[in-house]
Amino acid sequence: MTGLRVLTVDDSRTILAMLHHTLSNAGFEVLQAEDGKQGLEVLESQDVDVVITDINMPVMDGIEFIRNVRASGQHQSLPILILTTETSQDKRDQGKAAGGTGWIVKPFDPEKLISVIHRVVH
Amino acid sequence: MSELDDFKATYFDECTELLTELEEQFAAIEAGERDADRLNAVFRAIHSIKGGAGAFGFTGLVGFAHAYETLLDHVRDGRVEMSDDVVALSIRANDIVADHVNAARSGEALPADYGAHEKSRFDALCRGEAVDADADGEPVEEFDIEFTPVRVDIGAVPADDAFEAPPFSAPAGHWEIRFAPHQALYARANDPLLLLRELAALGEVSVRAVVRDIPVLADFEPFGVYCTWEISLVAPGITQGQIREVFEFVEGDCDISIVELGADASAAQPAPAAEALPEPLPAEPDFLSLAEDEIGAIGVSALAGSAGEAGPEGDAFADSPVPSFAELAEAIKPAVAAEAAPAPQPMAPAAAPASAPPDDGERRGGGVQSIRVDLDKVDRVVNMVGELVITQSMLTQQMDETLRARYTELVRGLEVLAQTTRGLQDSVMAIRAQPVKSVFSRMPRLVRELAVKTGKKIRLETIGENTEIDKTVIEQLSDPLTHMIRNSADHGIETPERRLAAGKSETGTIRLSAEQAGGNILIVIEDDGAGINREKVLQLARNKALVAADVQPTDEQIDQLIFAPGFSTAEAVSDISGRGVGMDVVLSNIKKIGGSVHVRSWPGRGTRMTLRLPLTLAVLDVMLVRVSESPYVVPLSSIVETIQCSRAPFERVPSGGKVLQVRGEYVPVIDLAQRFGMPTQADPESRMVVLCEAEGGSKVALIVDDIIGQQQVVIKSLEENFEQVEGIAGGTILGDGNVALIVDVQGLKSTIHHKNAA
Amino acid sequence: MEVLGIRDDVIDKAAVAAHNSLQLIAFSIGEQTYGVEITTVREIRAWNGATPLPNTREYVRGVINLRGTIVPIFDLRARFGDGQTSPTKNHVVVVMSVGDKWVGILVDAVSDILTVSRDDIHAVPEGNSIDTELLNGIVTHEGRMVGLIDLHSIVAGSKLDG
């Protein structure tokens, strides 16, 4: 599968870099943003097939970002995966409540990452 | 370098930034600003450090950061109060995190129980126990192993493992799955089609869409949920857990039942057993009133079975392909029907979303405000700009009066070139500029540690930390600053008792400030301690033969002696300032980056050390002079004026030396030819005096053979391939390819004539 | 058999040589021949002057610009205590790497590339302290005695007060 665009939103350059590496190797086109606000700006101007976002970020956190995306009207069917180090349920529940499609637990294994994306995007 | 190493390098860079941020946040928190934003920033920083550490398997760091993060989480939501004790514990925790990061970076192993004591206190706090931050108890062992970092794969087995089938119970591997999404599933952009496709990856599936609940079109809600699915899955060796994993993201957003059929299928529901995948229904193009083919190929045949004629009961399970609901919703929303093109087969690779607009260039590039560039690339540009500046100034020098008069266009062109080059140079330098904050923020921890080690009370004030300097200068700044602050804490600030006895406040202050002054950055380290003990310093310097017995240096020169090679005022080599390297290292490091150090002391009141650093490393405005047959350059910023020797008001002093009288001030004279041991044939009357101002406003007059002109040069290090040379701050390469040496005005001024090089 | 015009026995020799031999760049100062291991040599260039460095010993001839970096030049004759060379365009600077630094040494001429066996390297005879300080060993090649330069000690202690 190639040609799909992924927007990655994380304030950690390390995570952004690792996502970029894994995703671009798998044929995705990767866009990056460092917080939710930047993420929204990207979504305003660019079409994206799937979003991967961190929760804990400055300026606008992941939960608020997801809420905003869903509230915008144009992105109801945009899959959003939450990146989380939490293995506990409550972070995921929060993310889901805001409109998150699924989640990815850090540290991620490249194959799993790709297969999870395929679970939410064509 | 492998990719992993690249990522690690990124990670460690990031950690450095995050640790800096932590220092800043806690400086404010310590000062009483305990608002939610700060706590969130702290939490995020620790969280990010932990996240990356997990990726690289730094388990010690993950473990500690996790426990710390848990505490911060408790503090954030008010379960634990941000008391002073908790602040103190957190600051200690930051240091431990920093140590973990450093250990991970250098590949060293920290003791297994490193930070265990603090960790146990986090845990106790989170359990609601009061903890005395100053208690120096033994690490509580039971908590050592409380958190074991576990690498959790994506799509881990869901919580309700109880449902998981025993490993040997499913030889036939025949499962019947009913799946009824709620609206929330679609609202979160999950797509049944993809889930079904993923199921198909587990084994052989046949899918029946249950469409009997789909209303007639008049009652159709665009976002209503009408379709459910029944799936037969034949997949030997698959566990229920694996099937549940497929539905992991939609748990709670759907009704799902997963039943394993017995090997004899006796308990099976009346659902048809595994059949070959049903053929798609023929397309029904006229089913919905057709508008233009705007939407593209959307399979709507799932709707077909129920739309009008209710078929026989069995037909409710329309053996139809399953379109994505998202696609359906999109198709219906604009109230435009779609032409039923060949319907997508559920298990075939899905067609691209039909609504995706074509690519256009304009959409790209939005929201991007910065790019990350490898510093090497910037450095290459900086170097080339440096060379360009030199070439440009060389060209300008070639223009003599005749040429100027003759080629006015060329002259104008050169002027524009000069301007553009300057602009280019400034822009490039701005790219490399960074706030000194990144260095300053490491100092609070240092001061805390020094206070503990020396038993003194020390407060650190920082001013002007947003002042920007070239990144390379900043990198070179950390060691000298560390040394100087150590020196202040160790030798400057007195013990609380002594301070009280001297009528001072118990707590000593070290003030660290940065400001821009012309083309330089001044960094000042000031303390309100005892000042330099000049008597002792001079005595030591004489003992070490740094100052000849018959020379009586000025107070200023004595102060400056603390930077002399091999000098240390510590009577016993202390744990702090000692270690065999002293302030001379500071001086040589600062000189290396084209800077100078000046120290001034007031007995009983304190010491001020001033670092003067170039704004940029690359280019320096200089005056080119000749001494003997060699070219030298003097930084323009230190030159006050030039005077021909024949007109210079020299006076003899009793010792036989020369001084220059300038506006009532007697300025020491240094003949560079003599000082550098290079005999000159120049006519003494035609030689020139270059009057320079050294640090602290004191002046020195340099005598050179000739002044050649002014130009810009790129500073090159002598130490890269050689070593530091007294009186020389570095080298540079002239337009003709020859090397010229940069005169170290400050160094010449402050060196005592204990050895006459001539 | 010949491969690319190189005879087998030459290849064999080279292979053997690689194990236990040393390739040297040999250069002369007056009648004396010295050598440095070829792998340390970065560049050989004609003498074209140097900017003198103040407050250094007489064997530090100054610094030159080597493609944008400043490299110090040591006068090997002066280093051996025989007074400064009066260089001409025919004199040669051998640029070498010593640790992480590049330095040049001024010699009269580069004479040859020699392959010597490590087994043939002898210790420097006691007696002349400068020789024992500055040489790693001595090797005889075709009747000539070649002193192996110890680059680290050539470079050390070059400041006047050092």
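Reminder, nothing fancy here: chain letters follow the sequence lines and each chain counts from 1. A quick note: this is a predicted structure, and the numbers were derived from the prediction, not measured.
For B:Ser628, no part sits under 4.5 Å from any heavy atom of chain C, backbone or side chain. Residue C:Val103 touches chain B through its side chain alone, counting heavy-atom pairs closer than 4.5 Å. Both the backbone and the side chain of C:Leu53 come within contact range of chain B, judged by heavy atoms closer than 4.5 Å. Heavy atoms closer than 4.5 Å to chain C are found in the backbone of B:Glu719, but not in its side chain.
A distance of 7.5 Å separates OG1 of C:Thr69 from NZ of B:Lys716, quoted to the nearest 0.5 Å. Once rounded to the nearest 0.5 Å, the distance linking OG1 of C:Thr56 with CD1 of B:Ile728 reads 9.5 Å. Here the straight-line distance linking atom CD1 of C:Ile73 with atom CZ of B:Phe722 works out to 10.5 Å at 0.5 Å rounding.
Contact record, C:Lys101 with B:Glu720: CG-O, 3.4 Å, taken as the closest heavy-atom pair. When every heavy atom of C:Pro52 is checked against every heavy atom of B:Leu741, the shortest pair comes out as O-CD1, 3.4 Å.
Remark: side-chain polar atoms of C:Asn65 are not paired, donor with acceptor, to backbone N or O of B:Val739 under 3.5 angstrom. At least one donor-acceptor pair closer than 3.5 Å links the side chain of C:Asn55 to the backbone N or O of B:Glu726.
By the 4.5 Å heavy-atom criterion applied to side chains, B:Asn721 and C:Val63 are not counted as neighbours.
In C:Ile113, the CD1 atom is not crowded: 12 or fewer heavy atoms of neighbouring residues, nucleotides or ligands sit closer than 6.0 Å.
Comparing C:Gly49, C:Pro54, C:Ala50 by how many heavy-atom pairs each has under 4.5 Å with chain B, the most go to C:Pro54.
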